[in-house]
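Here is the structure we will look at, set down as structure tokens.
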Amino acid sequence: MAKRIEVKGLDIYYDKFLAVQGVSMTIEPRSVTALIGPSGCGKSTFLRTLNRMHELVPKARVEGKVLMDNQDLYGANVDPVGVRRHIGMVFQRPNPFPTMSIYDNVAAGLKLNNKRMKRKDLDDLVERSLRSANLWEEVKDRLNRPGSGLSGGQQQRLCIARAIAVAPDVLLMDEPCSALDPISTQAIEDLITELKEQYTIVIVTHNMQQAQRISDTTGFFNLQAIGEPGGLVELDTTTKIFTNPANSDTERYVSGRFG
Amino acid sequence: MPPTTTSTRTRGAPQRLGDRVFSGASTGAGVLILVILAGVAAFLVAEAWPALWADSSEIPGGDGIILYIWPVLFGTLLSAFFALVIATPLAVAIALFITHYAPRRIASLLGYLIDLLAAVPSIIFGLWGAFELAPMTVEPTRWLEDNLGFIPLFDGPASPTGRTMLVATIVLAVMILPIATAVIREAFLQTPRLHEEASLALGATRWEMIRMAVLPFGRSSIIGGLMLGLGRALGETMAVAIVLSASRDVVSFNLISSENPSTIAANIALSFPEASGLDVNTLIASGLVLFAVTLLVNMGARAVINRRRDFSGAN
Ligand SMILES: Nc1ncnc2c1ncn2[C@@H]1O[C@H](COP(=O)(O)OP(=O)(O)OP(=O)(O)O)[C@@H](O)[C@H]1O
Ligand SMILES: [Mg+2]
């Protein structure tokens, strides 16, 4: 379960374009790390290097190291598919598989990992995952209906259930609430707070209040100018970043006087 | 916005001229299609009518209309079915290769070649089947007869000329490949990146991603593309007429012998020049059956697609 991630001197490229430069940071287990910063500074790009989704873009590559409990995720004989099985991801827009039922959505990752599972065990795991995602009560009577028939907030919680069903070590979330109403957002924030007991959580958000409400550590990303690479400016406890940041850009950003 | 504006817009408000013209034109086109379809059906029924009620001895062959049509209907269904069996995995595999495996340059070249295949006239395919493909199948079919002869499909005796049902189905499969591949390829390209990433982020390999996200999403298009192909295979005339040396009253699953059932379309084309009187009505009656079969196939396909509409990803 929950593992520590150490990033060392990470440069992230799209073909020849250096999008993010020189990121070094430690992400603590059983905590929520929030990544904030202006649009285009490379938060999503960075997040996607943590589970090796970045390299799915043609010609995209990274230089540097990402260690999970001292094992280099970009080591020569590390299989990216294996990495993604241990590091779950929740996307900005809820994306349950439209061709699958609610049940099958949650079971999708389990079926990949462990093809032969007893029906009873699978039922239990699906229920447990949906309960952890605070969705069980709402969907228990319609597990065989399509996942795309749920509301946006329910769909996003379904995606979280799908991600945690495989018991990942780390959970990455890229603006998971940006497409949701305040009530659904509240539900997901509560859920994140519960989940951090067990998981290492990294969340990208544009919502300062949200970062302050749910995260323990906050990292501020920025870029010097358009076309320049983005980078991590400052990483500290959330309280420090929002009350007394060391960097003046951070201060201007969190107080809303940016640009 | 004041409420009055909304109500006048939706009901009884004077529409813009462009809207009126366009809605009139599209309604007209829809009605026109129905009229043409009804006209074709009426023509077929009217012309087939005398043959349907004629004495069985007056029908060519002398055994009545049902026994006349049954062998060619059988041949039609047999050849179209096996053409589909051959073309389905190929079309899906080629579409997958083009959309998900091939490097971009090769993919577009291959897509272009497949589209070219669609432009080849069917008579060319027929000639190719009869004079190129058929001789090449003589040896392999002999082998099939010797080793797999216990399967009724390969019962033999293998044709010495190679002009068999097997060759006809292969030619038909090649002919329906372009349209089926094109439709399926489009569907695969439309798979939302979002869903592909969802499965990859769960730790799916590329093939698992295809099974989780791409194939289910493209399911109804796969069926649709294959049905378009099936329609072409059912109605194909020249290619079959050239390849097969058919005997009109054979009903057999044997794909490799020289005793082959004909198909409705090929039979009409081959028999029409010498037909007169009730012969013509009989041929048109078989055409009516083909029309009905094609209609049924299309309705069946719609039903399959609709059955899981909730899960189609369209909502
Ligand atoms: N697929 C891609 N190919 C090429 N460049 C890309 C690609 N995706 C992102 N970029 C570039 O990388 C940089 C960082 O983008 P990224 O999406 O990571 O920003 P972000 O911080 O997540 O922004 P936002 O807050 O708007 O989501 C941008 O300059 C962007 O144009
Ligand atoms: Mg982003």
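Atoms considered below: every heavy atom in the structure, side chains included; atoms not considered: hydrogens, waters and symmetry mates. Protein chains get the first letters and strands the later ones, always in sequence-line order, with residue 1 at the start of each. All values reported here derive from a predicted model rather than from experimental measurement.
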*Going from OG1 on A:T99 to CE on B:M212, what distance comes out if it is rounded to the nearest 0.5 angstrom?*
9.0 Å
*asked:* Other residues, nucleotides and ligands only: do more than 12 of their heavy atoms fall within 6.0 Å of CZ on A:F17?
replied: yes
*asked:* Please classify the contact between A:L172 and chain B as side chain, backbone, both or neither, with a heavy-atom cut-off of under 4.5 Å.
replied: neither
*List the atom of A:P94, the atom of B:L194, and the distance in Å for their closest heavy-atom pair.*
O-CD2, 4.3 Å
*Contact summary for B:L202 and A:G109, nearest pair of heavy atoms*: CD1-N, 3.9 Å
*Do you know which two heavy atoms are closest between B:H195 and A:F97, and how far apart they sit?*
O-CE2, 3.5 Å
*Examine whether an atom of A:P80 lies under 4.5 Å from a heavy atom of chain B, and if so say whether it belongs to the side chain, the backbone or both; otherwise answer neither.*
neither
*Grab the two heavy atoms, one from A:V81 and one from B:A204, that are nearest each other, plus how far apart they are.*
CG2-O, 4.1 Å
*If you check every heavy atom in residues 92-107 of chain B against those of chain A, which residues fall under 4.5 Å?*
none
*asked:* Tell me if a side-chain donor or acceptor on A:R84 pairs with a main-chain N or O of B:A201 at a distance below 3.5 Å.
replied: no
*If you round to the nearest 0.5 Å, how far is CG of A:L56 from CZ of B:R193?*
6.0 Å
*Roughly how far, to the nearest 0.5 Å, is the CG atom of A:N95 from the CD atom of B:E196?*
11.5 Å
*Would you sort out whether B:E197 and A:R48 count as a salt bridge (charged side-chain N to carboxylate O under 4.0 Å, His left out), showing the intermediate values?*
CA-CA 11 Å; B:E197 292 205 328; A:R48 290 164 61 91; 2.8 Å; yes
*asked:* I'd like to know whether CG of B:L32 has more than 12 heavy-atom contacts from other residues, nucleotides or ligands below 6.0 angstrom.
replied: yes
